[in-house]
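Just the heavy atoms: all of them, side chains too, but no hydrogens, waters or symmetry mates, feed the values below. Small disclaimer: the values here were computed from a predicted structure and weren't measured.
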Amino acid sequence: MTNTRIRRAVSAGLLVAAIAGCGSSPDPAPAAQVASAPAPSVPASAPAPAGIPAAALLQPEDVRGATAETLPQGEYAYVRPLRPCGGRYPSDPTRTAAVAKRYVVPGSTPETVPTVVVQFIGRHQPGGAARQIQEIDAALKKCRGGLAEGQRKWDVIESDGDTMLVRIGQRFSYADEEPATVNHYAALARVNDVVVVVADMGWENMDGSEKLVRDLIGKAKTRAEAVH
């Protein structure tokens, strides 16, 4: 990336921060061309509902000082939780509360661009979270997708039953550049009766970070223990 691109991206990050308080919902990550079913959960535009305290969310010290911004209903629906096939899961009605947040995480150095991290937390009735993890695992095996126009490609990098790491690839054109594959990363985990997702959606036409997601899912699992 040229210095001009970096300056432009950083300027865009400042603009995101400046207008977030005005109720707008900028989406600096690559625009998803695939139609996704709205997340069938408690609207994320509401405050964290009973049973999902603010302490259960990633905190500024976890994300380089970034603060949580509420995501509108349906935005990034395909990672709230992971929905490679789209539509509803049979276990969705067992969800009793949910919240989704976005963090514009600064780059690791002043010269690097920020990245957009999405966190989803869903609390379920007893047994519901385990069922949802099983259904998501089955969906990831059934709906691998691809890199054709309007598609996403889902690849499971690691899975141990209750935790999985997934790469989400998509062909994306930025400005007048040739289409290129952009990879985002998402981690899914179960903590008792809670399903937690952390996803790095990158910035403009830049990849997300597998390393960052690995780090954040560990912190998110610890935070999710505050849900009762």
Side-chain angles (χ1 to χ4, degrees), residues 27-41 71 73-95 98 100 102 115-122 124 128-174 177-191 194-218 220-221:
D27 184 359
Q33 301 301 318
V34 181
S36 298
S41 59
L71 278 174
Q73 178 76 353
E75 188 170 342
Y76 295 120
Y78 58 98
V79 294
R80 297 168 54 182
L82 305 186
R83 296 183 185 273
C85 300
R88 296 176 62 87
Y89 291 115
S91 60
D92 280 342
T94 70
R95 187 182 299 112
R102 171 181 56 204
T115 193
V116 175
V117 168
V118 172
Q119 181 182 24
F120 170 84
I121 302 175
H124 290 255
R131 285 173 52 198
Q132 180 128 108
I133 293 290
Q134 293 172 353
E135 291 163 5
I136 293 172
D137 181 60
L140 286 166
K141 294 174 181 175
K142 178 182 178 182
C143 301
R144 295 284 305 279
L147 294 175
E149 183 177 357
Q151 292 188 2
R152 299 185 186 94
K153 187 174 185 291
W154 300 75
D155 292 307
V156 177
I157 299 173
E158 289 182 12
S159 176
D160 66 0
D162 280 344
T163 303
M164 60 187 75
L165 177 66
V166 178
R167 180 175 56 243
I168 308 170
Q170 185 175 352
R171 296 286 287 176
F172 178 75
S173 297
Y174 180 82
E177 297 177 357
E178 291 295 320
T181 300
V182 177
N183 290 310
H184 301 153
Y185 294 87
L188 172 80
R190 181 177 72 88
V191 180
V194 175
V195 172
V196 181
V197 176
V198 174
D200 185 351
M201 312 308 292
W203 184 265
E204 295 183 344
N205 63 334
M206 298 186 67
D207 293 342
S209 168
E210 177 182 341
K211 180 180 178 181
L212 179 61
V213 168
R214 286 181 181 274
D215 175 62
L216 291 181
I217 193 60
K221 289 170 65 175

Nearest atoms (heavy-atom pairs only) where [X] meets [Y]:
| X | Y | value |
| --- | --- | --- |
| A139 | Y89 | CB-OH, 3.7 Å |
| A199 | V213 | C-CG2, 4.4 Å |
| A77 | R83 | O-CD, 3.9 Å |
| Y78 | W154 | O-CH2, 3.4 Å |
| Q151 | G145 | OE1-C, 4.0 Å |

key: Pairing of D215 and K211 as salt bridge, 4.0 angstrom limit   = no

message = So that I can tick it off, tell me whether K221 and D162 are bridged by a salt bridge, with the cut-off set at under 4.0 angstrom between side-chain N and carboxylate O.
response = no

request  = Evaluate the criterion side chain to side chain contact (heavy atoms under 4.5 Å, CB included) for residue pair L165 and I217; output intermediate values, then yes/no.
outcome  = CA-CA 9 Å; L165 177 66; I217 193 60; over 6 Å; no

Output the distance between atom [atom1] ([X]) and atom [atom2] ([Y]), rounded to the nearest 0.5 Å.
| X | Y | atom1 | atom2 | value |
| --- | --- | --- | --- | --- |
| C143 | R152 | SG | CZ | 12.5 Å |
| M206 | H184 | CE | NE2 | 10.5 Å |
| L216 | S209 | CG | OG | 8.5 Å |
| R190 | Q134 | CZ | CD | 9.0 Å |
| F120 | L82 | CZ | CG | 10.0 Å |

task = For the residue pair V197 and V118, establish whether any side-chain heavy-atom pair is separated by less than 4.5 Å.
result = no

task = Apply side chain to side chain contact (heavy atoms under 4.5 Å, CB included) to the pair L188 and I133, showing each step before the final yes or no.
result = CA-CA 8 Å; L188 172 80; I133 293 290; 3.7 Å; yes

R171 side chain to P179 backbone, donor-acceptor under 3.5 Å = yes

ask   = Are any side-chain N or O atoms of N183 and backbone N or O atoms of D207, one a donor and one an acceptor, separated by less than 3.5 Å?
value = no

Donor on one side chain, acceptor on other, D200 and T115, under 3.5 Å = yes

query = side chain to side chain donor-acceptor pair (under 3.5 Å) with T94: which of R131, H124, Q132?
reply = H124

query = Applying the side-chain contact (heavy atoms from CB on, under 4.5 Å) test to R102, which of Q119, M201, E75 qualifies?
reply = E75

Test side chain to side chain contact (heavy atoms under 4.5 Å, CB included) applied to R80 and Q73, step by step = CA-CA 10 Å; R80 297 168 54 182; Q73 178 76 353; 4.1 Å; yes

request  = Using the test side chain to side chain contact (heavy atoms under 4.5 Å, CB included), find all partners of K153 that sit at least two apart in sequence or belong to another chain.
outcome  = R144, L147, D155

